[in-house]
Amino acid sequence: LMVGYHCPSELDKDFAKFSVLDRIITSGRSSRLNKKMVIADKSALAVFSFAGLPGSKYPGLYLVGALPNSGHTTTELLEAIDKEIELIKKESVTQEELDSAKTRIKKDLISRMKSNDGLLNELLGAEIKQGSWQKVFEELDSIDKITTNDIQELVKTYLTNNNRSIARIEKKEEVQK
């Protein structure tokens with residue numbers, strides 16, 4: 001199951017917020033959907049999300065996806081994803097979740113820049129897509145400024161039913177039911 005929400009390019013002020021949202025809802029064992037769908041319910045084998053399909057230079061899609069476990073359907077997974085999104089719209093995310101996400105993003109960026117190749121890729125990518133290699137370091141500052149309210153507003157603005165497309169791969173038996 002893949003749910004694609006239209007999102008802005010990486011030049012938009014909201015784009016960095018999607019990275020934070022990724023960490024909160026699907027990245028890592030402590031993410032919301034991983035704890036619920038993979039660990040507790042065992043309805044999914046894996047969950048994922050990322051912004052920038054097919055690329056991030058221009059507006060694209062923010063994808064949220066899940067691979068169903070045996071005996072579970074994409075309909076169940078979509079309901080669980082929708083439920084979590086609605087929960088964030090109503091109650092936002094916790095400060096602890098936000099702080100953890102920010103720390104992991106900064107750690108990942110710094111880790112990618114440890115080698116010469118990694119540093120080159122980050123700086124060159126920012127120069128080409130954002131117009132300046134300095135954007136790599138400005139991203140760290142912008143992530144620090146993100147609040148729980150920012151994440152809640154991001155979800156309310158972009159993660160709506162009328163702003164999404166859903167792709168499913170299902171077994172023939174599931175479709176006929």
Residues, nucleotides or ligands: over 12 heavy atoms within 6.0 Å of Q95 CD | yes
Considering only heavy atoms from C-beta outward, does the side chain of T75 approach that of R168 to under 4.5 Å?
-> yes
Decide side-chain contact (heavy atoms from CB on, under 4.5 Å) for V64 and F50; before the verdict, give the C-alpha distance in whole Å, the side-chain angles of both, and the deciding distance to 0.1 Å.
-> CA-CA 7 Å; V64 179; F50 66 94; over 6 Å; no
Check: R164 and D82 side chains under 4.5 Å, non-hydrogen atoms = yes
Give a yes or no answer on whether the side chain of N69 reaches the backbone of L45 with a donor-acceptor pair at less than 3.5 Å.
-> no
With hydrophobic residues grouped by side-chain heavy-atom distances under 4.5 Å, do L78 and L63 end up in a single group?
-> no
In terms of hydrophobic clustering (I, L, V, M, F, W, Y; side-chain heavy atoms under 4.5 Å; direct or indirect links), are I143 and W133 co-clustered?
-> no
May I ask you to check whether over 12 heavy atoms, not counting those of M2, lie within 6.0 Å of atom CE?
-> no
Same cluster (ILVMFWY, side-chain, under 4.5 Å), L87 and I85 | no
Tell me, please, which residues at least two apart from F15 pass side chain to side chain contact (heavy atoms under 4.5 Å, CB included).
-> E10, A51, S56
How about K135: does its NZ atom have over 12 heavy atoms from other parts shown lying under 6.0 Å from it?
-> no
Set of residues satisfying side-chain hydrogen bond (donor to acceptor under 3.5 Å, both in side chains) with respect to T26, sequence neighbours excluded = S49
Run the side-chain contact (heavy atoms from CB on, under 4.5 Å) check on Y62 and L159 step by step: do they pass?
-> CA-CA 9 Å; Y62 174 69; L159 276 61; 4.1 Å; yes
Yes or no on side-chain contact (heavy atoms from CB on, under 4.5 Å) for I88 and I25, after CA distance, side-chain angles and deciding distance?
-> CA-CA 10 Å; I88 293 171; I25 65 171; 3.7 Å; yes
Donor-acceptor contact present, side-chain S31 to main-chain G28, <3.5 Å | yes
If you group Ile, Leu, Val, Met, Phe, Trp and Tyr by side-chain heavy-atom gaps below 4.5 Å, do L33 and I39 land in one group?
-> no
Mark yes or no for whether T103, through its side chain, and D99, through its backbone, hold a donor-acceptor pair below 3.5 Å.
-> yes
Rounded to the nearest 0.5 Å, how far does CD of E139 lie from OG of S142?
-> 6.0 Å
Which pairs, with at least one residue in residues 41-64 and sequence neighbours excluded, count as a salt bridge (charged side-chain N to carboxylate O under 4.0 Å, His left out)?
-> K36-D41
S43 versus E76, side-chain donor and acceptor atoms under 3.5 Å = no
Write down the atom of E91, the atom of Q152, and the distance for their closest heavy-atom approach.
-> N-NE2, 4.0 Å
Rounded to the nearest 0.5 Å, what separation is found between the CD1 atom of I105 and the NZ atom of K107?
-> 12.0 Å
Check step by step if side-chain contact (heavy atoms from CB on, under 4.5 Å) holds for I81 and L1.
-> CA-CA 10 Å; I81 290 168; L1 170 73; 4.0 Å; yes
OG (S165) and CG (L61) are apart, to the nearest 0.5 Å, by 6.5 Å
Counting only heavy atoms not in D144, do more than 12 sit closer than 6.0 Å to its CG atom?
-> yes
Which atom pair, heavy atoms only, marks the closest approach of T148 to V93?
-> CG2-O, 3.4 Å
Can a donor-acceptor pair be found between the side chains of T160 and N162 at a distance below 3.5 Å?
-> yes
Does the salt bridge (charged side-chain N to carboxylate O under 4.0 Å, His left out) test come out yes or no for E153 and K17, once each step is laid out?
-> CA-CA 10 Å; E153 285 305 311; K17 297 171 190 173; over 6 Å; no
Are D150 and K145 within salt-bridge range, i.e. N to O under 4.0 Å?
-> no
Rounded to the nearest 0.5 Å, the CD1 atom of I110 sits from the CG atom of L119 at a distance of 12.0 Å
Atom of I166, atom of V3 and distance for their closest heavy-atom approach | CG1-CG1, 4.4 Å
Flag yes if more than 12 heavy atoms outside K83 fall under 6.0 Å of its NZ atom; otherwise flag no.
-> no
With rounding to the nearest 0.5 Å, note down the distance linking OG in S9 to OH in Y58.
-> 9.5 Å
Can you tell if the side chain of P8 reaches within under 4.5 Å of the side chain of P59, non-hydrogen atoms only?
-> no
Pair R23 + D108: basic N to acidic O under 4.0 Å = yes
Between N121 and R112, is any pair of side-chain heavy atoms under 4.5 Å apart?
-> no
Do L11 and F18 sit in the same hydrophobic cluster, where Ile, Leu, Val, Met, Phe, Trp and Tyr count as joined when their side-chain heavy atoms come under 4.5 Å apart?
-> no
Run the salt-bridge test on E86 and K89 with the 4.0 Å N-O cut-off and return the result as yes or no.
-> yes
Quick one: does R104's side chain have a donor or acceptor within less than 3.5 Å of a partner on S27's backbone?
-> yes
Determine the minimum heavy-atom distance between K102 and I146, stating which atoms define it.
-> NZ-O, 2.7 Å
Straight-line distance of S132 OG to E138 CD, nearest 0.5 Å = 6.0 Å
